[in-house]
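Some notes on the structure that comes next.
Counting from 1, the numbers follow the sequence of the chain as shown. These figures come from a predicted structure and were not determined experimentally. Only heavy atoms go into these numbers, but all of them, side chains included; no hydrogens, no water, no symmetry mates.
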Amino acid sequence: MSTLNIGLVLPDILGTYGDDGNALVLRQRARLRGFDAEIHRITLGQPVPESLDIYTVGGGEDVAQRLATEHLAADGGLTRAANAGRPILSICAGLQVLGQSFSASGEEVAGLGLIDATTDLLSKRMIGEIVSNPQLDGLTEPLTGFANHMGSTVLGADARPLGTLTKGTGNTDKGEQVSYEGAVQGSVIATYMHGPALARNPQLADLLLARAMGVDVSELPPLTGQLSDEVAQLRRERL
């Protein structure tokens, strides 16, 4: 791979919570290993190239979710990328947009259907730290992030949780899935964790990098600097 091409999807409307930083983390961790890496900003009205190596989608409010869903559904590029097995990281509202349906301004809105999940409303807004034990092969360290959402997401049979909760509120506050955090299906990894998530969870960042490069995590060259990993470890220990 000559250059790692990272798609930053709709940062103009799904960039409320600093989730653009996930693309920056991927780029920097690739460059610290000696690879060229570039971020491609894809804004509202622009087609989503289906042949990039990896994609990140962030969070936003109800109106932004509707706009994002309309654009991504009509364009189809992100769906084709997912069907081709391109890795996608989707955060908070991005998780809901990629699901089967979500609630926005009191109405049910059809999502892209890339994740077998439906979202209505929590009984109380979730604001605070979350910690979970990863349920995805290749991840061994606890996952941490900051959540701020009203979505109550229930996974269907085709999706599985990214982690099982040990602190905070995860996908939902009712039913059998109260311990679930995030969702994994096909090439999509989704979570409610802000932070940005990959800055706080470098092991997850490297798993995504490896998938984008078509190699095993063990085949990634070592980083030339690991300060961010040390900071993330200190935060996990405090939580």
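Considering only heavy atoms from C-beta on, Asp20 stays 4.5 Å or farther from Asn22 through its side chain.
Residues passing the side chain to side chain donor-acceptor pair (under 3.5 Å) test with Asp158, sequence neighbours excluded: none. Taking Glu38 as the reference, Arg31 meet the salt bridge (charged side-chain N to carboxylate O under 4.0 Å, His left out) condition, with sequence neighbours excluded. In this structure Thr166 satisfies the side chain to side chain donor-acceptor pair (under 3.5 Å) test with no other residue, sequence neighbours excluded. Every residue meeting the ring-ring contact (aromatic ring centres under 6.0 Å, His included) condition with Tyr17, not counting sequence neighbours, appears here in chain and number order: His194. Legend: residues meeting side chain to side chain contact (heavy atoms under 4.5 Å, CB included) with Ala30, ordered by chain and number and at least two apart, are Leu4, Phe35, Ala37, Leu209, Met213. Residues forming a side chain to side chain donor-acceptor pair (under 3.5 Å) with Asn133 (at least two apart in sequence, or on another chain): none. Thr16 is linked by a side chain to side chain donor-acceptor pair (under 3.5 Å) to Glu61, counting only residues two or more places apart in sequence or in another chain.
Checked options Asn5, Thr3, Ile6; the residue passing with Asp53 is Asn5 (criterion: side chain to side chain contact (heavy atoms under 4.5 Å, CB included)). Among Ile189, Val97, Leu98, the single residue meeting the side chain to side chain contact (heavy atoms under 4.5 Å, CB included) criterion with Ile115 is Leu98.
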Donor-acceptor contacts under 3.5 Å from residues 177-186 side chains, at least two apart:
residue, atom, partner, partner atom, Å
Gln177, OE1, Leu155, N, 2.8
Gln177, NE2, Leu155, O, 3.0
Glu181, OE1, Thr191, OG1, 2.8
Glu181, OE2, Thr191, OG1, 3.2
Glu181, OE2, Tyr192, N, 2.9
Gln185, OE1, Asp116, N, 2.6

Using residues 82-93 as the side-chain source, report each donor-acceptor pair under 3.5 Å to any protein atom, sequence neighbours left out, with the distance given to one decimal.
residue, atom, partner, partner atom, Å
Asn83, ND2, Thr79, O, 3.3
Ser90, OG, Gly94, O, 2.8
Ser90, OG, Leu95, N, 3.4

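Under 4.0 Å is where a charged nitrogen must lie from a carboxylate oxygen, and between Lys124 and Asp173 no such pair does.
Here the CD-CZ distance, from Gln135 to Arg160, works out to 9.5 Å after rounding to the nearest 0.5 Å.
Residues Leu121 and Lys174 approach most closely at O-NZ, 2.9 Å, considering heavy atoms. Minimum interatomic distance between Arg41 and Gln46 (heavy atoms only, all atoms of both residues): O-OE1, 3.4 Å.
Clustering of Ile, Leu, Val, Met, Phe, Trp and Tyr by side-chain heavy atoms under 4.5 Å joins Phe146 with Ile127.
Within 6.0 Å of CD in Glu219 there are more than 12 heavy atoms belonging to other residues, nucleotides or ligands.
For residues 107-140, no residue pair satisfies the ring pair (Phe, Tyr, Trp, His ring centres under 6.0 Å) rule, not counting sequence neighbours. Each ring pair (Phe, Tyr, Trp, His ring centres under 6.0 Å) pair with one or both residues in residues 69-107, not counting sequence neighbours, would appear here, but there are none.
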